[in-house]
Visitor: 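Quick one: structure below, then a few questions.
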Amino acid sequence: MNFKRVPKKEVSDDLLFTAYGVLGFGILDISSQVEELQDNVLIVDFLPNFDEIFLEQMVLKLHKNFPQRSLLQILNGFLPPKFVKVFIGVLNIKQCDRKSIKKLIFHLKNWGLKNPKLQGFENAEVSGGGISASSVNIDTLESKTICGLYIMVKCLML
């Protein structure tokens with residue numbers, strides 16, 4: 001993600017979209033270097049590990065090999081299905097064709113948020129604590145106390 005209009009600053013970190021804005025360590029890092037000026041645009045790359053051309057070719061190839069599948073089905077594994085469903089709706093993509101795929105990939109790599117409101121450091125949210133690594137099967141990340149409960153690595157206290 002980066003801001004246009006101010007000296008380009010790139011941050012690679014997690015984002016959390018909420019009803020009241022975008023949160024995450026990446027936002028915290030970048031917001032300290034951005035003044036609230038008009039015409040700021042936060043550019044988000046939802047798939048930073050993939051080059052735009054490679055991603056476009058991959059999705060087009062998947063579409064060619066599986067023409068009966070929807071974009072939602074094709075992008076399964078790249079992004080969470082709920083996210084893809086909303087994103088396709090926001091872009092008003094109705095069909096899975098070359099033009100729609102190119103539009104989708106461009107916006108996944110260059111999503112612009114105009115003039116995002118900054119809450120400042122005084123409103124920053126921090127979480128603490130976690131789950132003891134000794135209570136988790138390290139090979140499977142399954143809880144030792146609750147069968148079928150799997151833990152995200154970020155929640156472990158190592």
Side-chain angles (χ1 to χ4, degrees), residues 1-66 69-121 123-128 130-131 133 138 140-141 150-158:
M1 73 186 98
N2 62 63
F3 270 100
K4 287 184 178 178
R5 193 170 185 274
V6 295
K8 186 175 182 179
K9 168 76 174 160
E10 291 190 22
V11 175
S12 181
D13 215 323
D14 295 335
L15 292 178
L16 175 65
F17 291 86
T18 70
Y20 55 91
V22 183
L23 305 174
F25 290 115
I27 295 296
L28 184 60
D29 288 347
I30 207 167
S31 67
S32 65
Q33 300 184 20
V34 176
E35 296 177 33
E36 290 202 45
L37 302 171
Q38 290 184 338
D39 302 324
N40 277 328
V41 179
L42 174 65
I43 305 295
V44 180
D45 181 349
F46 291 108
L47 292 167
N49 295 328
F50 295 99
D51 174 78
E52 189 170 343
I53 294 169
F54 170 81
L55 190 59
E56 186 179 306
Q57 290 171 346
M58 179 65 66
V59 174
L60 286 168
K61 183 176 181 179
L62 287 169
H63 174 59
K64 181 180 178 184
N65 292 340
F66 304 99
R69 292 191 182 168
S70 68
L71 271 176
L72 182 63
Q73 293 169 319
I74 289 173
L75 291 173
N76 188 20
F78 287 99
L79 293 161
K82 287 182 181 178
F83 172 84
V84 175
K85 187 176 181 178
V86 170
F87 204 77
I88 288 171
V90 168
L91 293 174
N92 199 27
I93 294 176
K94 304 279 190 222
Q95 57 192 22
C96 185
D97 59 19
R98 185 178 190 84
K99 183 178 177 182
S100 297
I101 290 170
K102 289 173 94 48
K103 176 181 177 180
L104 176 69
I105 299 302
F106 174 80
H107 287 290
L108 284 171
K109 299 294 289 175
N110 301 283
W111 188 252
L113 300 171
K114 294 181 182 178
N115 295 319
K117 302 232 185 300
L118 303 177
Q119 298 295 320
F121 189 77
N123 291 317
E125 295 182 20
V126 178
S127 63
I131 300 163
I138 296 302
T140 64
L141 296 179
Y150 293 87
I151 310 301
M152 295 183 336
V153 174
K154 287 187 172 192
C155 296
L156 289 178
M157 294 188 322
L158 303 174

Visitor: Can you name the closest pair of heavy atoms from T140 and Y150 and give their distance?
Guide: O-CD2, 3.4 Å
Visitor: Side chains of L108 and F78, heavy atoms from C-beta outward: is any pair under 4.5 Å?
Guide: no
Visitor: State, yes or no, whether a side-chain contact exists between F50 and V59 at a heavy-atom distance under 4.5 Å.
Guide: no
Visitor: Looking at I43 and G112, what are the two nearest heavy atoms and their distance?
Guide: CD1-CA, 4.1 Å
Visitor: Apply side-chain contact (heavy atoms from CB on, under 4.5 Å) to K103 and K99, showing your working.
Guide: CA-CA 6 Å; K103 176 181 177 180; K99 183 178 177 182; 5.8 Å; no
Visitor: Determine, stepwise, if the pair L75 / L104 fulfils side-chain contact (heavy atoms from CB on, under 4.5 Å).
Guide: CA-CA 11 Å; L75 291 173; L104 176 69; 3.2 Å; yes
Visitor: Checking H63 side chain against I74 main chain: does a donor-acceptor pair fall under 3.5 Å?
Guide: no
Visitor: Are any non-hydrogen side-chain atoms of W111 and L91 less than 4.5 angstrom apart?
Guide: yes
Visitor: Might you point out which heavy atoms bring K109 and L47 nearest each other, and give the distance in Å?
Guide: NZ-O, 2.7 Å
Visitor: For the atom pair CD1 (I101) and CD (E56), what is the distance rounded to the nearest 0.5 Å?
Guide: 8.5 Å
Visitor: Does any non-hydrogen side-chain atom of E52 lie less than 4.5 Å from one of N110?
Guide: yes
Visitor: Between CD of Q73 and CG of L71, what distance do you get to the nearest 0.5 Å?
Guide: 10.0 Å
Visitor: Quick one: pull up OG in S70 and CG in N76 and give me the separation to the nearest 0.5 Å.
Guide: 9.5 Å
Visitor: Are K64 and L60 packed together at the side-chain level, in the sense that at least one heavy-atom pair is separated by less than 4.5 angstrom?
Guide: no
Visitor: Between S100 and Q95 (side chain of the first, backbone of the second, donor and acceptor by atom type, cut-off under 3.5 Å), is there such a pair?
Guide: yes
